[in-house]
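Input: a single structure, listed below in structure tokens.
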Amino acid sequence: MPLVVLPTSQLFWVRVAALLFSCVAFSVAAHGAELTHGGMADWCIFCWAFSFAGTLLVLLVEQFSLQARAPLSWSNFPITMACYAALLCLSASVIFPLFFIKDQKSYGEARDHRIASTVFSCLAAVAYMGEVSLSKARPGEVAGYMATAPGLLKVCQTFVACVIFILVSDPVSYNEHPALKWCMAVYCICFILSMAVVVLCVTECTGCLPIPFSKFLSAYGLLAVIMYLTATIIWPVFQFDKRYQRRSQAPPKLIAVAVLTALNFLLYLADLIYSARLVFVSV
């Protein structure tokens with residue numbers, strides 16, 4: 001009878017832990033948390049289920065040694081998946097208790113299920129962060145682009161942009177002034193370009209660009225920094241200045257968008273510095 005030998009690497013067991021924690025989080029929430037469909041409940045369930053499915057795929061491919069047959073770059077896909085999963089579970093760990101535990105009148109078993117989901121969501125986020133830490137490139141190590149600091153920054157940029165889209169779309173808060181529409185254009189253009197870089201790296205299609213990939217990253221990074229700098233200034237001016245706003249007090253969502261815009265500006269600035277070093281500093 002053949003023996004089944006399980007891997008003993010630390011990365012494998014961290015992935016198994018993340019798989020179990022995310023599975024328990026969405027299973028408990030779906031089973032007994034008494035959540036209404038739609039809104040933030042569906043978002044949290046999606047975060048946990050997506051993270052679970054992605055990790056399960058990575059584990060199956062690696063355990064059956066199918067990396068060579070996968071139509072993806074296996075030096076880029078697992079860490080990209082882990083980084084998105086970490087951000088998704090982290091967001092669910094913040095959103096779920098705010099919407100479904102704090103100031104809620106649910107008691108007994110339903111509340112216990114919600115608390116359990118929150119705890120396992122936090123554990124899953126920590127596990128995914130551990131996976132990213134173990135998988136990222138070390139100084140002097142040859143690795144895929146997504147395992148480097150600029151690659152991980154691209155993931156963070158696209159995630160922050162997605163959160164901004166959610167906040168500004170319900171209700172729509174960028175139609176009052178043309179300047180706010182420019183801010184929305186900044187979010188969309190930079191998101192599309194950052195996501196394009198992620199897809200090109202994961203699918204190993206960076207060679208399809210008409211210019212060297214490193215120069216494309218620097219040019220795009222400079223453009224994104226300039227565009228986000230304008231949005232970082234324009235959004236709070238036209239949302240919070242009494243000369244332009246039509247409301248007595250700015251909703252918390254608009255304040256959150258201003259903070260996230262500034263955060264993404266800093267992420268793009270750090271990305272530009274890394275990309276510039278990649279072009280101008282000789283190895």
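Every value quoted in this text rests on a predicted model; they were computed, and no experiment measured them. Positions are given from 1, in the same order as the sequence printed here.
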Notebook entry, point to check: Once you round to the nearest 0.5 Å, how far does CG of L263 lie from OH of Y228?
Noted result: 9.5 Å
Next item on the list: Identify the heavy atoms of V14 and G130 that sit nearest to each other, and give their distance.
Entry: CG1-C, 4.1 Å
Next item on the list: Would you mind telling me which of S27, S121, S22 makes a side-chain hydrogen bond (donor to acceptor under 3.5 Å, both in side chains) with W48?
Entry: S121
Margin query: Show every salt bridge (charged side-chain N to carboxylate O under 4.0 Å, His left out) that has at least one partner inside residues 146-163, sequence neighbours left out.
Written below: K154-D271
Checklist line | Nearest-0.5 Å distance that lies between atom CD1 in I115 and atom CZ in F96 | finding: 10.0 Å
Notebook entry, point to check: Where is the tightest heavy-atom contact between A30 and I45, given as atom of each residue plus distance?
Noted result: N-CD1, 4.3 Å
Item checked: Heavy-atom pair of closest approach, residues C44 and I95 -> SG-CG2, 4.0 Å
Note to self: I'd like to know if L272 and L223 are part of one continuous hydrophobic network [Ile/Leu/Val/Met/Phe/Trp/Tyr, side-chain heavy atoms within less than 4.5 Å].
What the structure shows: yes
Checklist line | Non-hydrogen atoms of A125 and A86 that approach each other most closely | finding: CB-O, 4.3 Å
Margin query: Within the 4.5 Å heavy-atom criterion, are C201 and T206 side-chain neighbours or not?
Written below: yes
Item checked: Whether F159 and W43 hold their rings parallel, tilted or perpendicular, with breakpoints at 30° and 60° -> tilted
Checklist line | Distance (rounded to the nearest 0.5 Å) between L123 CG and F21 CZ | finding: 4.5 Å
Notebook entry, point to check: Under the 3.5 angstrom rule, does the side chain of S169 hit a backbone N or O of V172 as a donor-acceptor pair?
Noted result: no
Check: According to a 4.5 Å side-chain heavy-atom criterion applied to Ile, Leu, Val, Met, Phe, Trp and Tyr, with indirect links allowed, do F265 and V160 form part of one hydrophobic cluster?
Finding: yes
Check: Counting only N and O atoms by type, is there a donor-acceptor contact under 3.5 Å from the side chain of T80 to the main-chain atoms of N76?
Finding: yes
Notebook entry, point to check: Under 3.5 Å, is there a donor-acceptor pair between the side chain of T55 and the main chain of F52?
Noted result: no
Item checked: Verify same cluster id: L60, Y128 (apolar side-chain graph, 4.5 Å) -> no
Margin query: Would the distance check show the side chain of S117 and the main-chain N or O of A29 forming a donor-acceptor pair, the cut-off being under 3.5 Å?
Written below: yes
Checklist line | Audit row: F100, M40, side-chain contact (heavy atoms from CB on, under 4.5 Å) steps and yes/no | finding: CA-CA 9 Å; F100 303 107; M40 291 303 173; 4.3 Å; yes
Next item on the list: Please lay out, stage by stage, how I79 and L152 fare under the test side-chain contact (heavy atoms from CB on, under 4.5 Å).
Entry: CA-CA 8 Å; I79 190 169; L152 296 176; 4.0 Å; yes
Check: Does S51 reach the side chain of C89, with side-chain heavy atoms less than 4.5 Å apart?
Finding: yes
Check: Does V126 sit in a hydrophobic cluster with other residues, and if so which ones, taking ILVMFWY side chains as linked at heavy-atom separations under 4.5 Å, directly or through other members?
Finding: none
Item checked: Contacts of type side-chain contact (heavy atoms from CB on, under 4.5 Å), residue Q67, not counting sequence neighbours -> V61, E62, S65, W74
Next item on the list: Please find out if less than 6.0 Å separates the ring center of Y145 from that of F213.
Entry: yes
Checklist line | Side-chain heavy atoms of L217 within contact of P150, under 4.5 Å | finding: no
Checklist line | Same apolar cluster (I L V M F W Y, side chains within < 4.5 Å links), F120/V28 | finding: yes
Notebook entry, point to check: Are the side chain of S73 and the backbone of V202 linked by a donor-acceptor contact shorter than 3.5 Å?
Noted result: no
Next item on the list: To the nearest 0.5 Å, tell me how far N264 CG sits from T232 OG1.
Entry: 8.5 Å
Margin query: Please enumerate all residues that pass ring-ring contact (aromatic ring centres under 6.0 Å, His included) together with F50, with sequence neighbours excluded.
Written below: F46
Next item on the list: Determine, stepwise, if the pair F240 / I255 fulfils side-chain contact (heavy atoms from CB on, under 4.5 Å).
Entry: CA-CA 9 Å; F240 308 141; I255 299 175; 4.0 Å; yes
Check: Are side-chain heavy atoms of K136 and C83 found at a separation under 4.5 Å?
Finding: no
Notebook entry, point to check: If you look at every heavy atom in I234 and C183, which pair is closest and at what distance?
Noted result: CG2-SG, 3.7 Å
Notebook entry, point to check: So, for P97 and A92, which heavy atoms are closest and what is the spacing to 0.1 Å?
Noted result: CD-O, 3.9 Å
Next item on the list: Kindly write out the residues that satisfy side chain to side chain donor-acceptor pair (under 3.5 Å) with W182, not counting sequence neighbours, or none if the list is empty.
Entry: T230
Check: Which is it for L87 and C156 under the side-chain contact (heavy atoms from CB on, under 4.5 Å) test, yes or no, and what are the steps along the way?
Finding: CA-CA 8 Å; L87 293 170; C156 295; 4.3 Å; yes
Anything under 3.5 Å between a donor and an acceptor, one on a side chain of residues 186-200, the other on a protein residue two or more places apart or in another chain? List them.
| residue | atom | partner | partner atom | Å |
| --- | --- | --- | --- | --- |
| Y187 | OH | T261 | OG1 | 2.7 |
| S194 | OG | Q157 | OE1 | 3.1 |
| S194 | OG | C190 | O | 3.1 |
| S194 | OG | Y220 | OH | 2.1 |
| S194 | OG | Y268 | OH | 2.8 |

Next item on the list: May I ask whether L90 and M81 are part of the same hydrophobic cluster, defined by side-chain heavy atoms of I, L, V, M, F, W, Y residues being less than 4.5 angstrom apart, directly or through others?
Entry: no
Item checked: Expected output: side-chain R114 to main-chain I101 donor-acceptor under 3.5 Å -> no
Next item on the list: Look only at the side chain of Q239 and the backbone of S173, and say whether a donor-acceptor pair between them is shorter than 3.5 Å.
Entry: yes
